[in-house]
Peer 1: 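My structure is below; once you've seen it, I'll send some questions.
Residue numbers begin at 1 in each chain, while the letters A, B, ... track the order of the sequences.
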Amino acid sequence: MQFSLLILGSPYSSQSVGTAHRFAEATLESGHSLYRIFFYHDGVYCGNQLSCPPQDEPNIPAQWSALAAQHDIDLVVCIASALKRGVIDSDEAERYEQSAANLAANFSISGLGQLIDANIHSDRVITFGP
Amino acid sequence: MAPKRTLIVCRKPPYGNALAREALDVALTAAVFEQPLAMLFIGDGVWQLLDQQDSAGIKQKNHSKVISAFPLYELTELYIDADAMQQRQLSHDHFVVAVKPLAADELGDFIARFDTVLSF
Amino acid sequence: MTLHIVNKSPDQTQCLKDCLRVFRPGDGLLLIEDAVYGALVNSPYAALLQNRPLVYALIADIEARGLSAMDTGSIKRINDKQFVDLTVQHSPVQSWY
Amino acid sequence: MSLIINGNSIGTDKEGFLTDLDDWSEQVAIMLAQQENIQLTELHWEIINLLRRFYQNYQLSPAMRPLVKFIAQELAPEKARSIYLLKLFPGSPAKLASKIAGLPRPDNCL
């Protein structure tokens, strides 16, 4: 089956981000595929590559990046949620004349249409609430 | 591909948490992409529908104004938890759009008719 | 049949109560994260959840919270892969938080 | 980026959307339109004013479909067509007209 995930929780604040990550790994281990992981609401902080956790805690943005690279999964942070929370890629940084960008590798920044598209193309969309 | 029947469930009151508003944005986007969509307001989510909201004082965008645009986006499949309405002593006159009431014993069957449930 | 996923403890939010209002015979209910406290037989909410078929709780969350040795009665403890299986077997899947 | 009007500088982003929506005036609209090579006529103003009303009512910058529906409701059915809007505001009419009308940048749906 093809899955997409909707992630709403903030990394390091809500366990739900970790639950979603374990769920993502378990879907792949069970032979399913992940079409897209859509980060919305505070979930967009998962795309902040400037996260600097202590060495004995997971680097959550890096974990998602690695999972995406390994399994070719589309990681999308919602542009409307992300920009106002200061998660921004270089294109948007230029558009809004910001001095830096911080979107983690293998994430892209895009609109809510990508969530609608994920729903169309997936057998299941599972929400991980904050 | 067959269109998927999608339900957005709104359980949060407006303003206290951005999720209430973000659910509306998902609905507006689905409408722009011409995807069939219904919305169900349950529990405290029914407070979202009140007219007379004036959010200028808290410097937030007005939730009810966005909901009042729903007919222009052809978002007309709007349902409400009749029990939650009754508990809060609300009537349809209080609401900014027309919503169809669902009794407690109808809610479960109603939800099960959809392929995807996005809950906010 | 719908799968309901609840992630908050019953004392924390209305979500378990709201979920059970729409729950139908044949639906599945999965308790994750803080919701697993509701799985205990000694929980004040046991009457709502015990002896219903198709109620599950995530093992990792039970273990993390030091509840492994406590009685979860009729509630089935499942792992992450079984969580995935539940979402395959049910449609739609609704999260309550 | 900025526009200079009567010696005052008015901030816009790189695409010409106003930084502060309160800066909008008819004169600002004329200048924003000029940047897009549009000479505003009465027919343009009709749509611009309607867009401002749309925003006042709904606090949204409309997508094409709801805008067309709103025009049908408020103006005339023969103007409620994307071809008509494309003639006045070539390219992406809802976005372009919203910019000239001093509305926020529409949420990027795609």
Peer 1: Taking atom CD1 as the centre, does D:I4 end up with more than 12 heavy-atom neighbours from other residues, nucleotides or ligands that are less than 6.0 angstrom away?
Peer 2: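 Enclosed: over 12 neighbouring heavy atoms sit under 6.0 Å from CD1 of D:I4.
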Peer 1: Which residues in residues 109-120 of chain B have any heavy atom lying under 4.5 Å from a heavy atom of chain D?
Peer 2: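 When heavy atoms of chain D are the reference, residues 109-120 of chain B contributes no residue within the under-4.5 Å range.
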Peer 1: Hey, which residues of residues 41-66 of chain B are touching chain D, say heavy atoms under 4.5 Å apart?
Peer 2: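 At a heavy-atom separation under 4.5 Å, chain D is reached by B:K61, B:N62, B:K65, B:V66.
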Peer 1: What are the two closest non-hydrogen atoms of D:Q73 and B:L72, and how far apart are they?
Peer 2: OE1-CD2, 3.4 Å
Peer 1: Answer yes or no: does atom NZ of B:K100 have more than 12 heavy-atom neighbours from other residues, nucleotides or ligands under 6.0 Å?
Peer 2: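 For B:K100, atom NZ is crowded (more than 12 foreign heavy atoms under 6.0 Å).
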Peer 1: Could you name the residues of residues 55-64 of chain D that have a heavy atom within less than 4.5 Å of a heavy atom in chain B?
Peer 2: D:Q56, D:N57, D:Y58, D:Q59, D:L60, D:S61, D:P62, D:A63
Peer 1: Among residues 78-89 of chain B, which ones touch chain D with a heavy-atom distance under 4.5 Å?
Peer 2: none
